[in-house]
Protein chains: 2
Amino acid sequence: MEDGSRTVGPEQYRALARFRHELRRFLHFSEAAAVAAGLPAQQHQALLAIMGHDGPGRPTVGDLAERLVVAPHTAAELASRMAEAGLVTKAHPPADRRRTELAPTARAEALLAGLTEAHLRELEQLAPALARALGLDGPPGG
Amino acid sequence: MEDGSRTVGPEQYRALARFRHELRRFLHFSEAAAVAAGLPAQQHQALLAIMGHDGPGRPTVGDLAERLVVAPHTAAELASRMAEAGLVTKAHPPADRRRTELAPTARAEALLAGLTEAHLRELEQLAPALARALGLDGPPGG
DNA sequence: CGGATATATATCGTGTTACGACACATTCCA
DNA sequence: TGGAATGTGTCGTAACACGATATATATCCG
């Protein structure tokens, strides 16, 4: 019965559409905030991934690709643009000189701090709606 | 005290980065699924917005813009590409001939049904991680 | 009724981003 | 030590979103 082959109806479309709408509102806020701070949206997210790296040592270009769910060479391009913009510095660790480790500059850290604060505040507002929209089938009583 | 001016530290970066990672995983899945079905990602989402429209009558280009959180002329371009691709038909209601009402074609409905099924299944998997990542400060005990 | 203004959509040129195909340096391994 | 694997970088291409601008329709006000 619940094999999922014919469960798609108007209610599912509406629920999924609502979820995507909430997502896009957040993403739109995020992009606008980043651009207002002088950062392209992807560079902001890359910076967050770098600062939020929780492994040992600095994240590499490959780590960045994995966290952003993009192809390695896409992350490489992104890292290059960020280095040009003075947001990160690149270093090749002696242990494996193929790798490129990324470290944020002081300016990038300052920018990210402000943006992160704004995002945390915005998410406090949006989280309930997002969580609600994640209950895609709607409440059992509705 | 909780004015939010100095709450940004390593834990916040990690939590927010994890949330963005989950988001990107979902968005990557979604785009890949759409493209595999022969639809550009935005056209898939536009279709979902159209089919998920819950107001009276058909959604207009302006409605689409609002749901996708894009500028009206961006939605107009998207609608034109979709009409060219045989995914929607346009109609100008007599009541206000400035408006353009959008209706999905049978082919579009079939495509969206399959994609929606896949998305609902994927969200069942991802929803817990997303919801967890939405508790950005981490559990009180952790 | 008629002209000014507002609304809804559409078009054009531009910039950002992501990809595939390919190139190159470094490391690993038989 | 030579060849495959790994990590990153380069180049050309395509989709998307925007600002500026244009057009058609509707509305308002006297």
Side-chain angles (χ1 to χ4, degrees), chain A residues 20 24-25 27-32 34-47 49-50 57-85 87-102, chain B residues 20 24-25 27-32 34-47 49-50 57-85 87-102:
Chain A
R20 295 304 278 244
R24 297 191 77 124
R25 287 211 308 154
L27 295 174
H28 185 261
F29 157 82
S30 180
E31 164 150 17
V35 169
L39 287 180
Q42 306 308 322
Q43 299 191 15
H44 165 223
Q45 291 188 56
L47 222 40
I50 291 168
R58 293 290 184 191
T60 66
V61 167
D63 292 330
L64 186 59
E66 194 259 323
R67 293 306 282 179
L68 296 184
V69 194
V70 296
H73 68 271
T74 297
E77 287 178 324
L78 185 53
S80 290
R81 269 179 264 143
M82 292 174 76
E84 262 185 82
L87 296 167
V88 300
T89 57
K90 298 176 171 186
H92 300 280
D96 186 344
R97 296 179 33 76
R98 290 171 303 179
R99 296 173 190 263
T100 302
E101 287 180 349
L102 304 172
Chain B
R20 294 303 279 242
R24 295 191 77 122
R25 288 211 307 153
L27 295 173
H28 186 261
F29 158 82
S30 180
E31 166 150 16
V35 169
L39 287 180
Q42 306 309 324
Q43 300 191 16
H44 165 223
Q45 290 189 56
L47 222 41
I50 291 169
R58 293 291 183 188
T60 66
V61 167
D63 292 330
L64 186 60
E66 194 261 321
R67 293 307 280 179
L68 296 184
V69 194
V70 296
H73 69 270
T74 298
E77 285 178 323
L78 187 54
S80 289
R81 270 179 264 141
M82 293 174 75
E84 262 185 81
L87 295 168
V88 300
T89 58
K90 298 175 171 185
H92 300 280
D96 187 343
R97 295 177 36 74
R98 289 171 303 179
R99 296 171 189 267
T100 302
E101 287 181 350
L102 304 171

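Throughout, a chain's letter reflects where its sequence line sits, starting with A, and its residues are numbered from 1.
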With Arg98(B) via salt bridge (Lys or Arg N to Asp or Glu O under 4.0 Å) - residues at least two apart: Asp96(B)
Residue list, salt bridge (Lys or Arg N to Asp or Glu O under 4.0 Å) with Arg25(B), at least two apart or on another chain: Glu22(B)
Listed once per pair and sorted, the side-chain hydrogen bond (donor to acceptor under 3.5 Å, both in side chains) pairs that draw on residues 59-79 of chain A, sequence neighbours left out: Thr60(A)-Asp63(A)
Set of side-chain hydrogen bond (donor to acceptor under 3.5 Å, both in side chains) partners for Thr89(B), sequence neighbours left out: none
Contacts of Glu31(B) that satisfy side-chain hydrogen bond (donor to acceptor under 3.5 Å, both in side chains) - sequence neighbours left out: none
Degree of bending, the helix from dC1(C)-dG30(D) to dA30(C)-dT1(D) (end axes from five pairs; round to 10°): 20°
Can you tell me how far [atom2] of [N] sits from [atom1] of [X], to the nearest Å?
X	N	atom1	atom2	result
Leu39(B)	dC16(D)	CG	C1'	15 Å
Leu27(B)	dA18(C)	CG	P	12 Å
Gln45(A)	dT17(C)	CD	C1'	12 Å
Leu64(A)	dA18(C)	CG	C1'	14 Å
Glu77(B)	dT21(D)	CD	C1'	13 Å
Met82(A)	dT8(D)	CE	P	15 Å
Leu102(A)	dG7(D)	CG	P	15 Å
Gln43(B)	dA14(D)	CD	P	16 Å

Check the phosphate of [N] against [X], side-chain N and O only, distance under 4.0 Å to OP1 or OP2. Yes or no?
X	N	answer
Arg99(A)	dG9(D)	no
Lys90(A)	dG9(D)	yes
Thr60(A)	dT8(D)	yes

Heavy-atom check, side chain of Leu68(B) versus side chain of Leu64(B), under 4.5 Å: yes
Close side-chain approach of Ser30(B) and His44(B), heavy atoms under 4.5 Å: yes
5' precedence on DNA chain D between Ser80(A) and His28(A) (nearest-nucleotide basis): Ser80(A)
Toward the 5' end of DNA chain D, by each residue's nearest nucleotide, Thr100(A) or Arg24(A): Thr100(A)
side-chain contact (heavy atoms from CB on, under 4.5 Å) partners for [X], two or more places apart:
X	result
Ala76(A)	Val61(A)
Pro72(A)	none
Ala91(A)	none
His92(A)	Arg97(A), Thr100(A)

Using atom names, set out every protein N or O paired with an N or O of nucleotides 21-30 of chain C below 3.5 Å, distance rounded to 0.1 Å.
residue	atom	partner	partner atom	Å
dT27(C)	OP1	Arg97(A)	N	3.0

Tabulate protein N/O versus nucleotide N/O from nucleotides 14-16 of chain C, keeping only pairs under 3.5 Å, one per line.
none

Candidates dT8(D), dT9(C), dC16(D) - which lies nearest the side chain of Val61(A): dT8(D)
Side chain of Pro72(A) (C-beta onward), nearest among dT11(C), dT8(D), dC16(D): dT8(D)
Touch class at under 4.0 angstrom, heavy-atom based, for Thr74(A) against every strand present: base
Worked verdict on Arg81(A) versus Gln42(A) for side-chain hydrogen bond (donor to acceptor under 3.5 Å, both in side chains): CA-CA 11 Å; Arg81(A) 269 179 264 143; Gln42(A) 306 308 322; over 6 Å; no
